[in-house]
2 protein chains.
Amino acid sequence: MFHRPKPPRTAAPFPRRRQLQRSTIRCMPVTMKDIARDLGVSVVTISKVLRNHDDISEETRKRVLARVKELNYRPNLAARGLVTGHTYLIGLVVPDLLHPFFAEVAKSLSRVLLKKGYYLIISSSEEDEELEAREIDQLLGRSLDALVIASSCLTRDILRGIEEHGTPYVLIDRRFAGTPANYVGVDDEAVGVLATEHLIEMGCRRIAHLRGPENSPGVERLKGYRDTMAKHNLPILPNYVSEQRTVDVQSRESGAESMRQLLALKPRPDGVFCYNDPMAMGAINSILESGLKVPEDIAVIGSGNIHYAPLLRVPLSSIDQHTEEIGERAARLALALVEAKTPPRPKSIVLQPSLVVRASSSKTRIKPRTQEK
Amino acid sequence: MFHRPKPPRTAAPFPRRRQLQRSTIRCMPVTMKDIARDLGVSVVTISKVLRNHDDISEETRKRVLARVKELNYRPNLAARGLVTGHTYLIGLVVPDLLHPFFAEVAKSLSRVLLKKGYYLIISSSEEDEELEAREIDQLLGRSLDALVIASSCLTRDILRGIEEHGTPYVLIDRRFAGTPANYVGVDDEAVGVLATEHLIEMGCRRIAHLRGPENSPGVERLKGYRDTMAKHNLPILPNYVSEQRTVDVQSRESGAESMRQLLALKPRPDGVFCYNDPMAMGAINSILESGLKVPEDIAVIGSGNIHYAPLLRVPLSSIDQHTEEIGERAARLALALVEAKTPPRPKSIVLQPSLVVRASSSKTRIKPRTQEK
DNA sequence: TTGAAAGCGTTACCAG
DNA sequence: CTGGTAACGCTTTCAA
């Protein structure tokens with residue numbers, strides 16, 4: 001009936017032997033306990049020294065620090081996180097790391113977070129909804145402090161699990177209709193407007209659009225394009241909006257394919273606004289292959305302003321989305337969420353895009369050879 | 001003198017209240033304890049069900065699973081890792097995520113690992129030795145199962161801490177002289193040979209080299225270049241090997257700058273082998289800016305065969321390093337290390353590079369317009 | 001088939 | 001200033 005008093009822990013029968021059977025033989029790293037035993041102090045003391053508590057004598061502190069350095073001790077952050085409920089780990093989910101847009105976001109995000117002592121754990125969904133769900137599950141299981149997501153999902157279902165779990169999150173690039181969420185992205189309708197206005201100004205009249213997926217950037221850029229065409233009383237000819245809605249992962253190939261279909265139309269377009277830069281690269285390829293010229297026969301503009309856009313076969317005009325700033329803002333927003341005592345009101349940050357003109361859309365005869373960079 | 005027996009834990013005074021003060025008010029996720037209390041079983045039972053132990057009655061199993069699903073319970077992987085000593089987390093350290101080579105490696109690595117239930121945690125050192133050391137420290141503190149590293153360090157010092165800590169690791173792309181380590185990369189000397197032989201075959205005689213950093217790829221590619229020039233009795237003219245040894249992060253700019261210096265030399269080179277593709281892109285830019293033509297006046301070849309090489313202003317000849325395979329092999333090697341009971345002998349995997357000819361080096365008059373892709 | 005106890009490496013709390 | 005104790009959420013062991 002009575003519980004036997006635990007024997008004092010210090011009197012363990014095999015003091016230097018780990019009791020639990022580990023799966024590997026590999027020797028474990030140094031722990032506080034090791035140092036404590038070594039120095040004849042308690043683990044608490046070690047812990048305090050390491051976290052700069054000021055209720056430790058200078059002498060003890062010195063001894064501890066010396067031994068810590070000597071043994072190259074590293075605190076186990078997982079264990080620490082377990083106790084404090086704070087892991088200093090922030091998750092990032094993107095559709096494709098190879099896509100320069102997301103690589104750039106990851107980079108600027110990471111830079112800001114690192115400065116504050118946070119660490120980024122990145123996950124690529126390959127634009128696959130199911131994989132994304134699994135990866136987010138994994139991430140939630142690792143008790144991150146926050147999550148930054150460029151979701152490949154078309155519905156907000158994915159968010160429910162995250163909210164239930166209680167991990168704060170920031171959406172980037174793509175958002176969902178419905179209840180507001182923390183979001184950082186570009187004004188996608190403005191992207192469509194800017195691109196289309198520019199092509200019109202360059203003298204294009206039969207402007208086609210290689211559209212993106214059914215997510216918010218895809219839909220809103222399309223809307224910007226449609227509205228602008230309407231505003232200028234320009235018709236959108238049949239099949240001038242590419243039907244396939246493929247994904248970021250294979251943008252270039254899909255851009256090439258859609259462009260081929262557009263080229264078969266008559267009359268054929270004299271300008272194309274592409275959902276993103278990789279699609280535009282594919283489109284340009286198809287146009288050149290067919291023997292036509294860019295921009296003389298067909299002007300092309302993309303979006304994203306990827307860093308090598310100026311160096312392409314035909315330097316690519318694009319809509320700059322302020323990629324770096326998206327990462328920075330998302331990082332700051334995420335940090336604010338983590339540090340907030342109580343979940344603050346969702347905040348939506350929408351950046352204004354800007355036009356970058358290069359050769360692929362400059363229908364003037366004097367094509368600048370090296371316009372920038 | 002005697003320790004008071006602990007009161008039985010089940011008789012805690014405030015059963016539904018967490019005792020520990022967390023830094024945030026945010027409600028904590030569901031735990032096994034919650035489910036156990038809920039169902040009137042022990043946490044052990046829950047734990048066993050979740051890990052498919054077969055000593056649980058079908059009925060209990062069903063009840064548990066139902067509740068688990070209902071509450072959307074996710075096991076805390078950090079806590080699990082603490083006990084099992086196995087986190088299913090593998091770290092990747094690269095100099096620059098924006099560099100397509102490393103992005104591609106990350107992608108293929110992640111793909112293989114994910115299939116086996118492992119998760120990749122990526123870290124970009126920005127080609128900064130000190131930052132790299134800090135990041136590796138962080139990673140080690142998170143008790144990863146293994147580490148994959150493309151180190152920006154020139155010496156193997158960084159490895160000591162890792163070995164002391166006992167985390168198995170695989171080097172990729174760059175290796176260190178001295179004791180053998182697990183490594184996956186391309187035969188860099190062969191890269192230099194292949195590139196130089198090709199330029200010679202194209203009729204170049206005054207071949208320059210925009211060299212990389214003082215790490216193994218940089219040094220070995222340089223050696224391949226030197227040896228090949230010697231073999232063909234071709235002189236390496238003064239200053240024909242660019243002196244700056246800048247880094248991957250700013251390759252393009254550094255390539256452009258070095259090329260400008262080469263152009264000022266007389267005689268000027270008629271062929272350039274660049275350490276990597278971004279440098280080659282910068283070099284081509286400088287050449288075109290100076291009014292000369294690629295490849296007619298100066299042929300250029302890079303290394304890495306980045307995916308957009310065919311789409312550049314001048315489609316870029318390159319040495320393919322089998323980037324994807326590097327990632328795959330590194331993943332498999334890392335998994336082997338994790339699963340090994342005892343550390344196996346270090347294994348070095350060296351892939352043979354292959355030549356990809358495009359316009360930037362085809363000195364024949366008939367330049368193929370679209371050679372591939 | 002079930003679960004109490006001990007332990008993973010750390011921090012919070014509080015009594016000395 | 002110091003350190004014992006309990007706790008974080010989980011798994012392992014072993015007795016019932």
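All values below were derived from every heavy atom in this structure, side-chain atoms included, with hydrogens, water molecules and symmetry-related copies excluded. Every chain is numbered from 1, with letters handed out A, B, ... down the list of sequences.
- Regarding contacts with the backbone of D/dC8, a side-chain N or O of B/Lys33 is found under 4.0 angstrom from either OP1 or OP2.
- Of the residues near DNA chain D, B/Arg80 and A/Gly40, the one whose nearest nucleotide (by heavy atom distance) lies more toward the 5' end is A/Gly40.
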In sequence, state the C-alpha distance, the side-chain angles, and the governing distance for A/Gln138 and A/Arg142, and then conclude on side-chain hydrogen bond (donor to acceptor under 3.5 Å, both in side chains).
CA-CA 7 Å; A/Gln138 265 276 331; A/Arg142 300 198 182 272; 3.2 Å; yes

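- The two residues B/Ser125 and B/Ser152 have their closest heavy-atom pair at OG-OG, 3.3 Å.
- Residue B/Val338 comes nearest to B/Asp145 through the heavy atom pair CG2-O, 3.6 Å, listed as atom of the first residue, atom of the second, then distance.
- The one candidate from A/Glu129, A/Glu132, A/Arg175 that meets the side-chain hydrogen bond (donor to acceptor under 3.5 Å, both in side chains) condition with A/Ser151 is A/Glu132.
- As a whole-Å value, the separation of B/Leu77 CG from D/dC8 P is 18 Å.
- Listed by first then second residue, pairs satisfying salt bridge (charged side-chain N to carboxylate O under 4.0 Å, His left out) with a partner in residues 72-86 of chain B read A/Asp137-B/Arg74, not counting sequence neighbours.
- Taken residue by residue, residues 43-55 of chain B places heavy atoms nearer than 4.0 Å to DNA chain D at B/Val44, B/Ser47, B/Arg51.
- Atom P of nucleotide D/dG3 and atom CD1 of A/Ile35 are separated by 15 Å, given to the nearest angstrom.
- When all heavy atoms of A/Ser124 and A/Glu135 are compared, the pair lying nearest together is O-OE1, 2.9 Å.
- Taking the side chain to side chain contact (heavy atoms under 4.5 Å, CB included) definition, one finds that B/Val68 meets it with B/Ile35, B/Leu50, B/Val64, B/Tyr73, sequence neighbours left out.
- An end-to-end axis angle of 40° holds for the helix from C/dT1-D/dA16 to C/dG16-D/dC1, taken from five base pairs per end and rounded to 10°.
- Listed nucleotides: D/dT12, C/dA4, D/dG9. Nearest to the side chain of B/Ser42: C/dA4.
- The two atoms that bring B/Ala330 and B/Ile172 nearest to each other are CB-CG2, 3.6 Å, heavy atoms only.
- Remark: C1' of C/dT10 and CZ of A/Arg74 are 17 Å apart, rounded to the nearest angstrom.
- Rounded to a whole Å, the CG atom of A/Asp34 is 13 Å from the C1' atom of C/dC8.
- A salt bridge links A/Glu70 with A/Arg67: the distance from a Lys NZ or Arg NE/NH1/NH2 to an Asp or Glu carboxylate oxygen falls below 4.0 Å.
- At a threshold of 4.5 Å between non-hydrogen side-chain atoms, the residues A/Arg61 and A/Lys48 do not count as touching.
- Of the candidate nucleotides D/dC8, C/dA4, D/dT11, D/dT11 has the atom nearest to the side chain of B/Val83.
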Are A/Tyr119 and A/Ile90 close enough, and set up right, to give a side chain to side chain contact (heavy atoms under 4.5 Å, CB included), and what steps lead you there?
CA-CA 6 Å; A/Tyr119 211 81; A/Ile90 290 192; over 6 Å; no

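- Dashed line: the shortest gap from a side-chain N or O of A/Tyr73 to OP1 or OP2 of C/dG9 is not under 4.0 Å.
- A/Met32 has its CE atom 17 Å from the C1' atom of C/dG7, to the nearest Å.
- DNA chain D is contacted by A/Ile56, A/Ser57, A/Thr60 of residues 56-72 of chain A, taking any non-hydrogen atom closer than 4.0 Å.
- Atom CZ in B/Arg37 sits about 11 Å away from atom P in D/dG9, given to the nearest Å.
- Taking atom CG of A/Leu82 as the reference point, atom P of C/dA12 lies 12 Å away to the nearest angstrom.
- Residues forming a ring pair (Phe, Tyr, Trp, His ring centres under 6.0 Å) with A/Tyr88 (at least two apart in sequence, or on another chain): A/His86, A/Tyr118.
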